[in-house]
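Let me begin by presenting the structure, written as structure tokens, before commenting on it.
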Amino acid sequence: MKELVLASNNKHKLEEIQNILKDYIILSLEDIGFKEEIEETGDTFKENSLIKARRVAEFSKKITIADDSGLCIDLLDGAPGVYSARYSTSGTDEDNLQKVLKNLNGKESTAKYVCVISLIDLEKREYTFTGECPGKIITKKQGIGGFGYDPIFFIESLKKTFAEISFEEKNKISHRKIALDKLLNYLILSQGGDLEKDKVK
Ligand code: IMP
């Protein structure tokens, strides 16, 4: 099977990505012995995704993907956005979610999850693929599945939050799934699914 390094230590992302890219072995940063903390200094998901992918590709010398993602809430002018993982002082999922509820002050708001997957191939060529999933932020947590802001991210058509649907259901409609489908399409169209095809032996 083909290997892809994922520039992340987030086990939820890793599980979701592995579940969607079933034909690839996804190696985590732990798997490749990468211990550095990468500073996400970009102002956009795309910049941060590329920052992570570039650093890890340089280290791994393997085909590398990175996921930068987050929640953009309309009533909060797009916050927490690229700061989704570090919105509260502690940066825990629970504190981040509680800060969103506090800032919304009892109001619901339309919102979207955004995910930018970057890919760096063995010739250091860079590609990015974006996925967006619209939803609504509700005023109380519902459900125990998923991670991050999922218990308050409500999908109107399902009448459920991302924390109330199964892992498989989330992976059919999420921002991550949409971005990864674009990546898969690219891989299939350009390389017959095999990024190592053009590798110079
Ligand atoms: P990153 O690791 O810098 O890309 O930050 C991603 C952050 O966005 C996570 O820590 C979550 O707070 C949030 N996030 C991204 N995708 C999801 C998701 O699928 N469910 C819930 N929260 C998410």
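Each ligand, and each atom within it, is numbered from 1 in the order the structure gives.
Aromatic rings of Y113 and F162 (six-membered ring for Trp) have centroids within the 6.0 Å cut-off, being under it.
Side-chain contact annotation: D67 with S8, donor-acceptor N/O pair under 3.5 Å absent.
Between the side chain of Y149 and the backbone N or O of S84 there is at least one donor-acceptor pair closer than 3.5 Å. No donor-acceptor pair closer than 3.5 Å links the side chain of D68 to the backbone N or O of V116.
I63 and L119 make their closest contact through CG2-CD1, 3.6 Å (heavy atoms, listed as atom of the first residue, atom of the second, distance).
Protein residues having a heavy atom under 4.0 Å from any atom of ligand 1 are K13, E40, K52, D67, D68, S69, G70, S84, A85, Y113, F147, G148, Y149, D150, K170, H175, R176, listed by chain and number.
Partners of T128 under the side-chain hydrogen bond (donor to acceptor under 3.5 Å, both in side chains) rule, at least two apart in sequence or in another chain, do not exist in this structure.
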